Amino acid sequence: MYDINPGRVLFGPGTLDAVSDEIRRLGAKRALVLSTPFQRADARKLAERLGPLAAGVFSEAAMHTPVAVTLDAMAAFEASGADCLVALGGGSTIGLGKAIAWRNDAPQIVVATTYAGSEVTPILGQTEDGIKTTVRDRKILPEVVIYDPTLTLELPVAMSITSGLNAIAHAVEGVYARDRNPVSSLMAVEGVRALRDALRVIVSEPDDLSARTEALYGSWLCGSVLGTVGMALHHKLCHTLGGSFDLPHAETHAIVLPHSVAYNAQAAAAELRPLADLFGGPIGEALHDFAGSLGAPLALRDLGLEESQLDLAADLAVENPYWNPRPVERDAVRALLQRAWEGARPA
Ligand code: NAD
């Protein structure tokens with residue numbers, strides 16, 4: 001079974017210029033431009049370029065898509081007379097656009113500026129009362145995605161690395177997903193290959209446009225895998241740590257990934273082999289060393305998580321577990337979290 005997500009993708013330097021045409025192509029007249037406070041100036045610049053096609057800017061997008069922010073944005077959408085959305089940013093801004101579209105079915109154009117991959121998935125994660133829940137719905141999938149690598153030249157190196165590792169995490173869980181198919185596995189391996197090569201350059205040459213282009217290509221592929229197949233223990237752990245302990249999304253993925261893949265390494269050895277070959281060694285250890293060589297954070301304690309919170313994190317992570325190639329055992333998950341907290345090499 002393979003449900004291919006519909007959607008239109010414009011890829012390449014300069015594609016930001018196409019936003020006006022894409023608004024008209026959707027049959028829309030006025031777009032509310034979304035961003036985080038950090039990218040507010042860029043959102044305003046884009047709105048200026050759109051002229052009468054812009055209904056306004058809402059720049060309060062926040063990590064993990066708090067429902068309260070969505071309700072404010074819905075009010076801004078109504079008040080501005082907008083009939084479509086342009087999300088300019090990473091997963092937080094894209095999440096806000098999806099949250100609005102899920103509620104009012106407004107068409108979405110996404111200009112993706114990180115490697116998180118949310119722009120090509122019909123998935124919305126939102127947070128209310130400290131709990132992150134996930135919905136999957138066709139209305140959530142953006143209609144148009146614009147990948148303009150020039151917009152990623154300013155993505156700080158540290159964020160580029162953690163965001164790229166976040167993308168790799170989608171592909172890693174994609175190769176052993178229960179509902180994988182030959183096409184999703186091809187995209188996963190090629191996506192990881194592209195990000196491996198690109199991140200090695202970006203770490204020292206962040207303004208190398210061809211590496212930036214390759215990283216965005218890899219993140220498109222990895223995001224497409226996330227949008228196609230189910231995720232497993234790794235994503236459950238990161239949702240728990242993000243939703244209930246407010247840890248930052250990409251950094252958490254970057255730290256936990258080597259440990260969660262090591263947890264599944266034997267149970268999914270055949271599926272993981274092409275990825276292990278890309279890194280030239282056992283996948284958990286190899287990803288830990290790769291992340292370390294890029295200067296990525298390696299320890300959950302450095303994100304502010306207390307050791308005393310690990311028991312609760314393990315309890316929450318094994319509640320209603322996602323399907324996983326190896327049975328999800330509470331004590332083994334607690335041990336995994338301990339190593340990730342300390343920044344130790346995966347067992
Ligand atoms: P983010 O969107 O929170 O961005 C982090 C910061 O970087 C923000 O301040 C942002 O404005 C800034 N930024 C983004 N692009 C930039 C650029 N090119 N130059 C300079 N600054 C830039 O981070 P993220 O990791 O992309 O997204 C994380 C969120 O996305 C989480 O809430 C996560 O749950 C969600 N997510 C959802 C899916 C899905 O399919 N639903 C997939 C991946 C991530």
Side-chain angles (χ1 to χ4, degrees), residues 5 7 16 33-43 45-46 57 59-67 69-70 87-99 101-102 108 110-127 132-137 140-142 145-171 173-174 202 206-207 209 212 215-216 219-220 222-231 234-244 246-254 296:
N5 287 321
L16 182 68
V33 180
L34 307 174
S35 76
T36 62
F38 188 77
Q39 287 177 293
R40 182 175 295 141
D42 294 331
K45 218 184 296 166
L46 176 58
V57 172
S59 54
E60 301 304 325
M63 188 79 80
H64 305 307
T65 325
V67 170
V69 175
T70 300
L88 172 73
S92 296
T93 304
I94 299 167
L96 175 61
K98 289 172 153 185
W102 182 53
Q108 306 168 66
V110 170
V111 183
T113 65
T114 70
Y115 306 134
S118 176
E119 63 283 351
V120 282
T121 82
I123 306 163
L124 164 66
Q126 46 182 2
T127 310
K132 186 159 183 174
T133 51
T134 302
V135 228
R136 188 181 262 269
D137 190 300
I140 292 168
L141 183 74
V145 179
I146 292 179
Y147 288 112
D148 186 338
T150 60
L151 302 177
T152 61
L153 293 171
E154 302 293 312
L155 186 65
V157 167
M159 218 185 290
S160 303
I161 300 304
T162 52
S163 190
L165 292 167
N166 180 197
I168 288 175
H170 308 327
E173 294 233 292
I202 288 170
D207 52 3
L209 186 59
R212 288 297 192 176
L216 209 49
S219 74
W220 171 18
C222 293
S224 300
V225 173
L226 173 70
T228 306
V229 304
M231 295 288 114
H234 171 75
H235 279 72
K236 175 72 180 187
L237 281 168
C238 293
H239 289 168
T240 303
L241 292 167
S244 303
D246 209 25
L247 296 196
H249 178 82
E251 291 88 337
T252 304
H253 271 274

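What you are looking at is a predicted structure, and each value in this text was computed from that prediction instead of being measured. In each ligand, atom 1 is the first atom listed, and ligand 1 is the first ligand listed.
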Roughly how far, to the nearest 0.5 Å, is [atom2] of [Y] from [atom1] of [X]?
{"X": "Arg40", "Y": "Ser35", "atom1": "CZ", "atom2": "OG", "result": "6.5 Å"}
{"X": "Glu173", "Y": "Cys222", "atom1": "CD", "atom2": "SG", "result": "12.5 Å"}
{"X": "Leu96", "Y": "Leu34", "atom1": "CG", "atom2": "CG", "result": "5.0 Å"}
{"X": "Ser92", "Y": "His64", "atom1": "OG", "atom2": "NE2", "result": "7.5 Å"}
{"X": "Thr228", "Y": "His170", "atom1": "OG1", "atom2": "NE2", "result": "12.0 Å"}

Closest protein heavy atom to [atom], given as residue, atom name and distance to 0.1 Å:
{"atom": "atom 9 (O) of ligand 1", "value": "Phe38 CB, 3.4 Å"}
{"atom": "atom 11 (O) of ligand 1", "value": "Thr36 OG1, 2.5 Å"}
{"atom": "atom 34 (O) of ligand 1", "value": "Lys132 NZ, 2.6 Å"}

Taking the side chain as everything from C-beta on, heavy atoms only, tell me whether [X] gets closer than 4.5 Å to [Y].
{"X": "Leu155", "Y": "Thr113", "answer": "no"}
{"X": "Ser118", "Y": "Lys98", "answer": "yes"}
{"X": "Leu216", "Y": "Thr152", "answer": "yes"}
{"X": "Ile161", "Y": "Tyr115", "answer": "no"}
{"X": "Leu46", "Y": "Val57", "answer": "no"}

Minimum non-hydrogen distance to atom 44 (C) of ligand 1, winning option of His249, Arg212, Glu119: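 Comparing heavy atoms across His249, Arg212, Glu119, the nearest one to atom 44 (C) of ligand 1 lies in His249.
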
Heavy-atom nearest neighbour of atom 37 (C) of ligand 1 within options Ala43, Ala62, Ser118, Pro122: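 The option holding the nearest heavy atom is Ser118.
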
Considering the heavy atoms of [X], write down every atom of ligand 1 situated less than 4.0 Å from one of them.
{"X": "Glu154", "answer": "19 (N), 20 (C)"}
{"X": "Ser92", "answer": "1 (P), 2 (O), 3 (O), 27 (O), 29 (C), 30 (O)"}
{"X": "Thr121", "answer": "39 (C), 40 (O), 41 (N)"}
{"X": "Ala116", "answer": "26 (O), 42 (C), 43 (C), 44 (C)"}
{"X": "Lys98", "answer": "39 (C), 40 (O), 41 (N)"}
{"X": "Gly90", "answer": "2 (O), 26 (O)"}
{"X": "Met159", "answer": "5 (C), 6 (C), 7 (O)"}

Of the backbone atoms (N, CA, C, O) and the side-chain heavy atoms from C-beta on, which set of [X] has a member under 4.0 Å from an atom of ligand 1: side chain, backbone, both, or neither?
{"X": "Leu155", "value": "both"}
{"X": "Thr113", "value": "both"}
{"X": "His64", "value": "both"}
{"X": "Leu226", "value": "side chain"}

Give a yes/no on ligand 1: does His239 have at least one heavy atom closer than 4.0 angstrom to it?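 No, that is not the case, since the closest heavy atom of the residue is not under 4.0 Å from the ligand.
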
Within less than 4.0 angstrom of ligand 1, does Thr65 place any heavy atom?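 So Thr65 does not count as touching ligand 1.
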
Reference residue Ile94; test side chain to side chain contact (heavy atoms under 4.5 Å, CB included); the match among Leu88, Thr65, Val110: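 For Ile94, the side chain to side chain contact (heavy atoms under 4.5 Å, CB included) check succeeds only for Val110.
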
Between Arg212 and Glu154, is the closest basic N to carboxylate O distance under 4.0 Å?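 Salt bridge flag = no for Arg212 with Glu154.
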
Does Lys236 form a side-chain contact (heavy atoms from CB on, under 4.5 Å) with Thr240? I'd like the steps, not just the answer. CA-CA 6 Å; Lys236 175 72 180 187; Thr240 303; 4.2 Å; yes

Grab the two heavy atoms, one from Leu124 and one from Trp102, that are nearest each other, plus how far apart they are.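 That closest heavy-atom pairing would be CD2-CE3, 4.0 Å.
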
Any N or O of [X] that comes nearer than 3.5 Å to an N or O of ligand 1?
{"X": "Thr114", "answer": "yes"}
{"X": "Asn166", "answer": "no"}
{"X": "Gly91", "answer": "yes"}
{"X": "Leu151", "answer": "yes"}
{"X": "Gln39", "answer": "yes"}
{"X": "Ile123", "answer": "yes"}

